[in-house]
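Read the structure below first, then the notes.
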Amino acid sequence: MRNRYLDLLRFLAIVRVVVYHVTGWATLTLIFPAMSVMFALAGSLMAASLDRTGVPAVARRLRRLLPSLWVLAAVFVPAMLLTGLPLTPKVLLWLFPVSDPPANDWGAIALSPIWYLRDYLWFVLASPVALWLFRRAPLPTLLAPYALLAAIEFGVLANPPTVLREFGLYFGAWLLGFAHHDGLLRRMANRVLVPLALALGAAGLGWILTHPGPRGYDLNDIHLGNALWSAAFVLVAIGRAPAAAPWVDRIPALGRVITVLNRRALTVYLWHMPFVAALTPLVDVVGWSHQDPVGLAIRVVLVFALVGVVTLLVGWVEDLAARRTPELVPGRPRRSVAERAAAAPASPAPAGAETALAAAGARVPAPRRAPERSDLTPR
């Protein structure tokens with residue numbers, strides 16, 4: 001049974017990412033550190049997969065991750081090759097991005113979210129060992145990424161590889177997902193969790209305010225502040241996640257939208273930035289500036305509309321990757337065999353219909369007993 005609260009968090013994270021890329025509002029990264037939330041949720045799911053199937057869960061997770069990337073690459077890599085991208089062996093990184101795949105000038109902007117898949121891939125590959133270590137030494141394992149990031153930020157590790165820096169920045173959130181799956185966060189008393197979250201949040205906010213980046217207080221430019229602030233957010237938002245959230249579906253339209261975006265999260269994430277990059281010069285021509293709220297709102301609506309069209313066209317690849325029945329719009333309620341059998345016309349019933357209904361699991365009323373002669377006598 002899916003936890004609808006976690007579905008809601010993923011929905012909010014995806015929406016926040018898209019809106020941020022359209023508007024560039026740095027405040028959004030503080031209000032909702034979406035990337036760390038997404039990595040924490042992914043870490044929890046990865047731990048669950050490893051518990052179910054062991055190390056083969058790595059291949060299954062990659063199988064679900066890569067096909068959507070390949071669809072994107074099938075469209076954009078030829079376009080980049082035709083517009084100046086050199087054809088070198090590095091182009092093969094678009095099949096398995098253990099490092100940033102090559103891109104030309106416009107492709108580097110339109111396809112910039114690929115870094116998320118690069119990090120996700122490395123975190124998945126590291127998860128079997130990381131989960132083994134985490135369950136034997138939870139606290140040291142959890143602290144290791146933050147210590148690594150601090151060493152990088154304070155110059156102890158100069159010029160680290162990009163992937164190593166990303167482990168310091170986001171793998172702590174992934175490990176907090178492990179802690180969520182194992183119930184460690186849920187069992188943590190409020191008298192411990194709340195002060196810890198407040199301390200991390202205060203330290204992160206202090207670092208952010210004293211170390212602004214080129215875009216001000218944008219968390220994407222302030223790595224240590226990002227990691228600390230995000231850890232505090234994840235501790236509260238996921239550490240106190242309810243076991244169920246039926247209230248999410250009390251508004252059917254909202255519940256359906258949340259379901260659709262969760263089933264198509266990777267497609268939306270991969271395809272939104274090309275539309276952001278394409279629309280920016282176009283809408284500037286008609287005067288919709290970044291300072292105009294109406295113009296920004298129109299940009300957001302247009303990006304979501306275009307992403308919706310692409311999702312209808314290629315989103316079903318996520319169903320195939322997950323070995324689900326492909327759907328144009330996922331989440332439509334499906335009737336069981338028993339429900340379909342019970343809804344079949346009851347008359348005229350062909351011979352053997354009751355036996356077929358019972359075999360399908362439907363409730364079949366008992367046959368009516370013919371009245372005895374004495375029952376026909378008027379009283």
S49 and R60: CA distance, side-chain angles, deciding distance, side chain to side chain donor-acceptor pair (under 3.5 Å) verdict: CA-CA 9 Å; S49 297; R60 291 187 176 92; over 6 Å; no
Does W174 reach the side chain of V124, with side-chain heavy atoms less than 4.5 Å apart? yes
Do the non-hydrogen side-chain atoms of L149 and E153 ever get within less than 4.5 Å of each other? yes
Using side-chain heavy atoms (C-beta onward) and a distance below 4.5 Å, is M35 in contact with N226? no
Shared hydrophobic cluster, L143 / L131 (ILVMFWY, side-chain heavy atoms < 4.5 Å): no
Give a yes or no on whether W25 and I14 share a hydrophobic cluster (residues Ile, Leu, Val, Met, Phe, Trp, Tyr; joining criterion: side-chain heavy atoms under 4.5 Å apart). yes
Heavy-atom distance under 4.5 Å between the side chains of N262 and I258, does that happen here? yes
For the residue pair W229 / S36, report whether a side-chain donor-acceptor contact shorter than 3.5 Å exists. no
Just wondering, do P128 and L50 contact through their side chains at under 4.5 Å, heavy atoms? yes
Please check if the distance between the ring centroids of F123 and F167 is under 6.0 Å. yes
Using side-chain heavy atoms (C-beta onward) and a distance below 4.5 Å, is D100 in contact with I114? no
Transitive ILVMFWY side-chain link L30 to V19, under 4.5 Å: yes
Within a strict 4.5 Å, meaning less than it, do heavy atoms of the F178 and L142 side chains meet? no
Would V314 end up clustered with L312 when hydrophobic side chains under 4.5 Å apart are linked, directly or stepwise? no
T259 and R4: side chain donor to acceptor below 3.5 Å: yes
Over 12 foreign heavy atoms within 6.0 Å of CD1, I251: no
Are Y269 and L28 grouped together when hydrophobic residues (ILVMFWY) are joined by side-chain heavy atoms under 4.5 angstrom apart? yes
Are the side chains of L8 and W247 in contact, using a 4.5 Å heavy-atom criterion? yes
Taking the six-membered ring for Trp and the full ring for Phe, Tyr or His, determine whether the centres of F76 and W271 are under 6.0 Å apart. yes
Check step by step if side chain to side chain contact (heavy atoms under 4.5 Å, CB included) holds for H181 and L45. CA-CA 8 Å; H181 169 71; L45 291 174; over 6 Å; no
Give me the ring orientation class for F39 and Y120: parallel if the planes are under 30° apart, tilted from 30 to 60°, perpendicular past 60°. tilted
